[in-house]
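This is a predicted model, so every value here is computed, not measured. Here is the naming used below: chain letters follow the sequence lines, and residue numbers restart at 1 for every chain.
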Amino acid sequence: MRTLLVWLAGGGLFAGSLQTALANGWNMPVGVTELSGDIYSLHMIIFWICVAIGVVVFGVMFYSLFRYRHSKGAKAANFHEHTLVEVVWTAIPLLILIGMAVPATATLKKMYDASDADLDVMVTGQQWRWRYEYLGEDVAMTSNLATPRTQIRGEEPIDESANYLLEVDEPLVLPVGQKVRFLFTSDDVIHSWWVPDLAIKQDTVPGFINENWVRIEEPGIYRGQCAELCGVDHAFMPIVVHAMEEEEFETWLADRREAAEQEAMGIDREWEMDELMTRGEEVYNAVCVSCHQQDGSGNEPAFPALAGNQEMLDDRDWHIDTVVNGVSGAAMPAFSNTLNPVEIAAVITYERNAWGNDSGDTVQPSEIAELLSD
Amino acid sequence: MAPKVPPQPTLEQSTTAAAGHGHAHEAPPKGLMRWLLTTNHKEIGTLYLIFSLTMFFVGGIFAMVVRAELFQPGLQLVQPEFFNQMTTMHGLIMVFAAVMPAFTGLANWMIPLQIGAPDMALPRLNNFSFWLLPVAFTLLLSTLFMPGGAPNFGWTFYAPLSTTYGPPSTTFFILSLHIAGISSILGAINIIATILNMRAPGMRMMDMPLFVWTWLITAFLLIAVMPVLAGVITMMLMDINFGTSFFDAAGGGDPVLFQHLFWFFGHPEVYIMILPAFGIVSAIIPTFARKRLFGYASMVYATAAIAILSFLVWAHHMFVVGLPLVAELFFMYCTMLIAVPTGVKVFNWITTLFRGSISFEPPMLFALAFVVLFTIGGFSGLMLAIAPADFQYHDTYFVVAHFHYVLVPGAVFAIMAGVYYWLPKWTGHYPNERLAQWHFWLSVIGVNLTFFPMHFSGLAGMPRRIPDYALQFADFNLVASLGAFMFGASQLLFVAVVVLCVRGGRKAPGRAWEHAEDLEWSVPSPAPLHTFDTPPKFERSSH
Amino acid sequence: MTTPQSSDDPRKGVRRTVWRSVAALLGMFAFAFALVPLYDVFCEVTGLNGKTNNSAQAVMHDGVDETRLVTVQFITRSGSGLNWGLDVETRQLRVHPGQPTEVSFTFDNHGDGESWGRAVPSVSPSKASLHLRKISCFCFQEQRLGAGERREIPLVFQLSRDLPDDVNTVTLVYTLYPVEDRDAPQQASAQSLEGEQS
């Protein structure tokens, strides 16, 4: 009996150290929504039930191993069946499971109620970036990894203050206190949009639409990552959500709308080569670099080289068509979904004149706009 | 290429040292041809085990590459493309070329011995199903050298990443999986035919050792789900090469359908890799506790219950693909139910230990570690079954920790326990106890150092299948990598123990373990090439 | 193999077992393929995965529920490889359950050649997809557009009156995909999107 107590105490000690570990951030975040809190409690309840069962079961096991050692002359008993005991240890787990299922069912039902949302955001996964559209607001943006590739490849030291691999150029901005409904889809393969603090993880399936929702309770910046293997740069498509007060959000939204209008006005005018090259380099380094590489060398066979690509330089229309409409059945997406005419024109101009490519021609935003409208 | 390597001659000679003499059988061909053409269940079993061990190291090297890259943040050793190929190949090789053939090898060796049959029911088919395996996996490994590289879409090969966006080698991957699948199916037919028809006179189904029982149920699972896998990969093949659209939304198909079909195969597959392990542990624990297995009948029923439930839980791998609420609830409840028969098994093993007379030989050490660590894997499985919480766990390192706990200290430890348990029967020598103990303790420590921190990194937000990670996960990954190197290196000890045991060592009598009761212990050690040519008289020990 | 070991010939039993196993195998292989259409039927019956009915449905004449207004959103997306645009006259509507509504979609071929495309629908929340009745829809058929052609095609739909009470917003997404090989677009496919447009 004393040994049993010793083992139980050992188990308790183990549980205690687990508790310490979990309390020190080695655990699921409580998060900043009501549901994330519910999920966290559910997780902890079930965790402690498992620990309790473990302490009892392993306690009995180690007690037996210690107490009934052959080397200490233990004589084996001769029982090998006991119907009552067997029925009891089938029934008790069943009851425990029912106890677990009740709160789990309640939480799940809450998660599935996306009705009466204040704001709809469409999230589109794309190899390897996220696109966000505020439905009905005429605001949309693309969110790319901001960590420089040179840090990832070890060519310069990792900046420890810059949220390595968890920083983007354009965070998703959301209002606090409002019910935001997300619609998820994908342009290519299945991705999964996951932000632990919001307790949302939802697959984005090409051709299909999923939904989930969130009501953030605290302003702040929340980070996550793609959670479904989606190809080479699966590790490099983070998610950053910037939650702000409603008024601040409305101001932000208005500013974005205005900026989009400004950009739209730029479509009609004639752009200089230099302007296009500068803008094009920005776009290229945010969007194209992950496949076609910084020096345009590509990554055969999936991602063709752009530097010195004669086919591309000879056939300007084909080049434009490929960027605008993508290539069906290949990794090249249709950028008309993602980029505006200015950005498309600039990046094509850049590709035709960078890394020793010398077509000398420019592609004007107006051409692209015309292509997309007629 | 590893699988082309012919079996080691030293192993050949001694495992079958007592072969042939005094038998009226034709003289077997010598050398390589003998191994190519053998129809003897013991020799084929040995071939399976050597193949599986080789592949365990090949898959292990892939795992070491993965862990080395994850040793610290940033990309140091390999590029993401190659990293993805490594995780994919590690998974495929370990599942289809290491764990499954190891169990088939043990089945080949032990099932005829345990039921008192002279051989498997279909010896030539047996030879054929083994030799399909080296073909299949040479093909799979050769994709590493193809343009575009090996499969890089994870061992679950979700469409459309594996179809529209897959590398050119995908077609070869499909072909190799087809061949491996045919091998498993033929093996399963053979095992069912043997168990149902070739038992010693007087041995009823409920007299069979649990290893035989669990394998019978496993074989039924294989027959039920391997054709589904074949169907899925055939559909992939057609999508890739013949323009169909089973899984392509553009043509009216559905990528989620792929996942339903894959997991309809995939979940029973998980049990295919663990049920025979239950059988092995159920043989070892009573032997070294010197006490009959508690609840034999309930063990059989629990195994059958797990097998049946395994067909009703597949979508718990898909809680975040956007299933409707009712489906989430149904699959959550069914998954939770599996805890009941699994619990019964654990309770039975522990009650067998209770008031026994326990000694700690190497097979027993591995079996006990199995019970503890598999149960920990079971607990995390139960947590994963809770659908709302799974929205946080899904596709993180928590899942990686979970399935490695059930597969490494689960399935792999059980296989090692089985090898240590039956080595005296195969070779006539006891394995070196001191070395085996070192192997055990280093493995247990290594396995926990590797996989326990993964629970925490997963909970803290690290997704699986990433070659590089944010800085807050660095400590967990450092520990996991060190543990993995330790675990990997300590498996060399296992090879040393096996080779030494084949070569020599303390002589083992027929009944190598004093309390071992099944029929295999009634033949001499090492077991002669031909056993039970005259069926033994089976005496019921009041099961 | 050695001689039979008991009076009733095990080889006969083995043969029987093998044939039964092979039959089971073939059955399961066929079952895997049968799961494809079964899954479609299952999706249509339960609305799983936001799949909608692929053929036209008749208008239900059981009155309009004037007391309830449901928001219907339309989203159009273009997939890669097709130089088309798809637009809808209105992004959002409020309708009463039971009320047939017509919305006009515009297909636009920006390219300078004839091409085939198809708009693949998906509905969210998925439980609403059962209650979205499409009386006439371009999504049942592949479209052919000549160079620079623009075509307006109406969608006529109706939300059935038994739409669950907690559904206040229904989102209908159309994604444009190219039809690569028009000569044999469906023959080898598991699913048929062909249907009668009424």
Side-chain angles (χ1 to χ4, degrees), chain A residues 26-28 39 42-43 46 50 54 57-58 60-61 64-65 68-70 74-77 80-81 86 89-90 93-94 97 101 104-105 107-108 111-112 152-154 158 160 164-166 189-190 192 196 199 201-203 205-207 210 225 227-235 301 329 331, chain B residues 73-76 80-81 147-148 154 158 160-161 164-165 249 255-256 290-295 298 320-322 325 328-329 332-333 336 339-340 343-344 346-347 350 353-359 372 379 382-383 386-389 391-392 394-395 456 459-461 463 465-468 470-471:
Chain A
W26 297 12
N27 199 0
M28 184 189 288
I39 289 174
L42 200 57
H43 156 69
I46 288 153
C50 288
V57 170
F58 297 144
V60 175
M61 177 173 169
S64 307
L65 292 182
Y68 304 112
R69 277 171 295 171
H70 184 62
K75 287 273 173 294
H80 56 86
E81 257 168 356
E86 291 176 66
W89 71 38
T90 311
L94 210 53
L97 288 176
T105 307
T107 309
L108 202 58
M111 291 172 80
Y112 268 72
I152 297 170
R153 284 197 298 261
I158 291 170
E160 300 201 2
Y164 179 68
L165 297 187
L166 294 178
V189 301
I190 300 174
S192 194
K201 184 183 286 135
Q202 197 75 57
D203 284 0
V205 183
N210 276 327
Q225 281 179 272
E228 180 67 62
L229 178 63
C230 56
V232 171
D233 278 359
H234 166 52
Chain B
L75 297 175
Q76 289 87 24
E81 299 93 88
Y158 280 7
L161 187 62
T164 318
Y165 297 84
V256 174
R290 293 167 179 75
K291 181 160 163 278
R292 283 243 326 262
L293 181 70
F294 187 85
S298 65
V320 307
V321 296
L325 181 61
E328 299 257 334
L329 291 173
M332 173 170 82
Y333 298 150
M336 291 170 81
V340 175
V344 166
V346 174
F347 299 146
I350 288 175
L353 293 171
F354 186 71
R355 296 183 57 203
S357 173
I358 302 162
S359 55
V372 175
F379 285 145
L382 186 56
M383 294 171 76
I386 308 297
F391 276 78
Q392 293 279 41
H394 181 83
D395 264 343
F456 298 117
L459 291 176
R465 292 167 168 167
I466 56 174
D468 194 9
L471 300 179

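Of the listed residues B:Q392, B:R465, B:M336, B:K291, the one with more heavy-atom pairs under 4.5 angstrom with chain A than any other is B:Q392. Considering only heavy-atom pairs separated by less than 4.5 Å from chain A, the leading option among B:P160, B:A460, B:G148 is B:P160. Put simply, of B:I466, B:V340, B:L325, the one with the most heavy-atom pairs under 4.5 Å next to chain A is B:L325. Chain A forms the most heavy-atom pairs under 4.5 Å with one residue out of B:A389, B:G356, B:G295, and that residue is B:G356. Between chain B and the options A:L65, A:I46, A:V57, the largest number of non-hydrogen pairs under 4.5 Å is found for A:L65. Heavy-atom pairs under 4.5 Å with chain A peak, among B:R290, B:M332, B:E328, at B:R290. Between chain A and the options B:P388, B:P463, B:S298, heavy-atom pairs under 4.5 Å are most frequent for B:P388. For the options A:T105, A:D233, A:T107, heavy-atom pairs under 4.5 Å to chain B are most numerous at A:T105. In terms of heavy-atom pairs under 4.5 angstrom with chain B, the leader among A:G54, A:G207, A:A235, A:P93 is A:A235.
Atom CZ of B:F391 sits about 4.0 Å away from atom CE of A:M111, to the nearest 0.5 Å. Rounded to the nearest 0.5 angstrom, B:D395 CG and A:Q225 CD are separated by 12.0 Å. The distance from atom NE2 of B:H394 to atom CG of A:D203, rounded to the nearest 0.5 Å, is 5.5 Å. In this structure, CH2 in A:W26 is found 12.0 Å from CG in B:L459, a value given to the nearest 0.5 Å. To the nearest 0.5 Å, atom CD1 of residue B:I386 and atom CG of residue A:L108 are 10.5 Å apart.
Residues B:R355 and A:S64 fail the side-chain proximity criterion, which asks for heavy atoms closer than 4.5 Å. Side chains of B:V344 and A:E86 form no contact here, defined as non-hydrogen atoms less than 4.5 Å apart. Residues B:V320 and A:E228 are not in side-chain contact: their nearest non-hydrogen atoms beyond the backbone lie 4.5 Å or more apart. In this structure, A:H70 and B:I358 have side chains that are not in contact, with every pair of non-hydrogen atoms separated by 4.5 Å or more. Side-chain atoms of A:K75 and B:S357, non-hydrogen and from C-beta on, never get closer than 4.5 Å to each other. No side-chain heavy atom of A:M61 sits under 4.5 Å from any side-chain heavy atom of B:V346. Between A:F58 and B:V372 there is a side-chain heavy-atom pair separated by less than 4.5 Å. At a threshold of 4.5 Å between non-hydrogen side-chain atoms, the residues B:P255 and A:I190 count as touching.
If you measure heavy-atom distances from B:Y158 to chain A, the contacts under 4.5 Å come from the side chain alone. Of the two parts of A:L166, only the side chain, counted from C-beta on, holds a non-hydrogen atom closer than 4.5 Å to a non-hydrogen atom of chain B. If you measure heavy-atom distances from A:I158 to chain B, the contacts under 4.5 Å come from the side chain alone. Within the 4.5 angstrom heavy-atom criterion, only side-chain atoms of B:Y333, from C-beta onward, approach chain A. Within the 4.5 angstrom heavy-atom criterion, only side-chain atoms of A:Y112, from C-beta onward, approach chain B.
Between A:E160 and B:L471, the closest heavy-atom pair is CA-CD1, 3.8 Å.
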**OP:** Quick one: do A:L97 and B:L382 satisfy side chain to side chain contact (heavy atoms under 4.5 Å, CB included)? Show the steps, please.
**Re:** CA-CA 9 Å; A:L97 288 176; B:L382 186 56; 3.7 Å; yes

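Considering only residues two or more places apart in sequence or on other chains, B:D468 meets the salt bridge (charged side-chain N to carboxylate O under 4.0 Å, His left out) condition with none of them. In terms of the ring pair (Phe, Tyr, Trp, His ring centres under 6.0 Å) criterion, residue partners of B:F347 (sequence neighbours excluded) are, by chain and number, A:W89.
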